[in-house]
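For reference, the structure discussed in these notes is given below.
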2 protein chains.
Amino acid sequence: MNSAPDHSLNMLVRKLESVAPLSHDERQAIQSLPVMTRILQPGQDIVRDGGQPSQCCLVLDGWTARYKLLSEGRRQILSFHIPGDIPDLQSLHLAVMDHSLCSMTVSTVAFIPHESLRDLTARFPGLAAALWRDTLIDAAIFREWMIGIGRKSAHGRIAHLFCEMYLKLHAVGLADHHRMPWPLTQIDIGDALGLSNVHVNRVLQNLRNQKLIILDRRNLTMGDWEGLSEMGEFDPVYLHLERRAAA
Amino acid sequence: MNSAPDHSLNMLVRKLESVAPLSHDERQAIQSLPVMTRILQPGQDIVRDGGQPSQCCLVLDGWTARYKLLSEGRRQILSFHIPGDIPDLQSLHLAVMDHSLCSMTVSTVAFIPHESLRDLTARFPGLAAALWRDTLIDAAIFREWMIGIGRKSAHGRIAHLFCEMYLKLHAVGLADHHRMPWPLTQIDIGDALGLSNVHVNRVLQNLRNQKLIILDRRNLTMGDWEGLSEMGEFDPVYLHLERRAAA
DNA sequence: CGCGACCTTGAAGAACGTCAATGGTCGTGG
DNA sequence: CCACGACCATTGACGTTCTTCAAGGTCGCG
């Protein structure tokens, strides 16, 4: 148990500041949240479907994913999360988990007790609004995925996922020059987009042949942003990344 | 403009009370929110993709839906909403709409200014939490739809939708005895579940032949709840309908 | 009566899934 | 250094679910 005021919470401060300016007190209150940090191996469950967690999980390093298992080994991945995200923030107000959360890579996560977060949101309505907003963006991303899975071709879905993850990573300084780390397997991509791994493989080869992407050694370079975002009908409005309007 | 304390806001009081007990002051504060009521014809847009609404919409009567249009006339319906829902509550914290909202039937809706809601949530953290929770359930339903569209057969998806809508309607007293109003066309169902209307038609016929449903004159009877929920792998946990634990 | 919206039906085809086998890569341990 | 195993990518053949297109048919309503 590590309750020292280390800098793991700076990540949260920066995240929330990216959408709304924080007062000194608010910043202070976040910094003094109790946290417990853990390092996870790939594929480890953090919270499980049906569980009733008493803490939230802030991702400090690595990729995590929410998913749900169905009969006969089918799996649907619901979202990918990168440093700065709180993938199970909904558990603050929904007692029982309706899906699982796991690490996709070696990850570092910080756990924050619900109790502390509830206290924080009661004392600072502005922070409550900021966290609420965060879960709303989450929901917007779910909607966008639904649109892809429901109405786009495999090519479109994959191109869209690349565009989305690039912008998310770029926003926290983890990608640049249309190049990003890509730790996901083709099975993972398929489970996220409702496709078989075989079909993902074929589409990826096709994208490579078209020079739209270069994908090797867990790194992805987008050779043609315009082409990919058109293919995926990608419009970043749903990510609600606008810089704060008021300084 | 109708700011009289009519009973349209009772619907909201009841909704929020179904998850958390409200204090007298909180109830009072809700009741005195300013509202403007409107009656809509089927298929009318309430808020449009790209818009920046300054009010939220409480459904008093009828069904509404959120949707997004893509190129070549493709449409993905993202959710259906029934009386008591606030389908665009996310606009309180996300300035620009990333999808549209429209009426599916003749509907009555009440508009509540963002300003008033923001004031309400700043004064009553408990109400903020209750509304927040409402948007979290929304997100849980998105996730569940994603699972269906991504990993279930057409039969499973349709059966699941029937189960979900029945429980939602039942919870607000609009359905009983496994019978409910069903105002949606087969095209609507297809656009919600990522299917063509032709295929929806064939699956519905099959469900009828199996005596799983009776569907006529915009009324749906579920002949075999067990069969349908098994077919749709339906587990209502994600609806988070649990009655309040504390009295 | 006629129109529009919806449902139904058939036939053909595309996109994607399943199954099964092969090969590549990487870390581990002998 | 090499052998091994685990996991992942790749390939081919084949099936199936679902889509598309096109043509009626039904029903309610002005």
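Lettering follows sequence order; numbering is per chain, from 1. Computed from a predicted model, the values in this text were never measured in an experiment.
Distance CD (A:E72) to C1' (C:dG17): 14 Å, rounded to an integer number of Å. Between the CZ atom of B:R151 and the C1' atom of C:dC16 there is a distance of 11 Å, given to the nearest Å. Rounded to whole Å, the distance from CG on A:L204 to P on D:dT10 is 8 Å. Atom pair B:M104:CE and C:dC6:P shows a separation of 10 Å (rounding to whole Å applied). Between A:D191 atom CG and C:dT18 atom C1' the separation is 15 Å, expressed in whole Å. If you measure from atom CG of A:L207 to atom C1' of D:dA9, you get 15 Å, rounded to the nearest angstrom. Between the P atom of D:dC8 and the CD1 atom of A:I189 lies a distance of 12 Å, rounded to the nearest Å. A:N197 has its CG atom 11 Å from the C1' atom of C:dC19, to the nearest Å.
At the heavy-atom level, A:R218 lies under 4.0 Å from the strands shown only through sugar-phosphate atoms. Counting non-hydrogen atoms under 4.0 angstrom, A:L195 reaches the backbone sugars and phosphates but no base. Here B:G194 lies in heavy-atom contact (under 4.0 Å) with sugar-phosphate atoms only. Note on B:R208: only backbone sugar-phosphate atoms sit closer than 4.0 angstrom, heavy atoms only; bases stay farther off. Residue-level contact check: B:S196 touches the bases, meaning some heavy atom is under 4.0 Å from a base atom.
In this structure, the nucleotide among D:dA9, D:dA22, C:dC26 sitting nearest to the side chain of A:R217 is C:dC26. You'll find that the side chain of A:Q186 is closest to D:dT10, out of D:dT20, C:dT8, D:dT10. You'll find that the side chain of A:V198 is closest to C:dC19, out of D:dT20, C:dC16, C:dC19. The side chain of B:Q205 has C:dT8 as its nearest neighbour among C:dT8, D:dT10, C:dC7. With D:dT11, D:dC21, D:dC8 as the candidates, the nucleotide lying closest to the side chain of A:T185 is D:dC8.
In this pair, B:Y238 and B:H160 present their aromatic rings parallel. The plane angle is below 30°, not in the 30 to 60° band.
B:N201 has no side-chain polar atom (N or O) that falls below the 4.0 Å cut-off from OP1 or OP2 of C:dC7.
Taking the side chain as every heavy atom from C-beta outward, A:I82 and A:D85 approach each other to under 4.5 Å.
A centroid separation of 6.0 Å or more is found between the aromatic rings of A:H99 and A:Y67. Proximity of the aromatic rings of A:W145 and A:F80 is defined here by a centroid distance below 6.0 angstrom, and this criterion is met.
Side-chain contact annotation: B:R48 with B:S100, donor-acceptor N/O pair under 3.5 Å absent.
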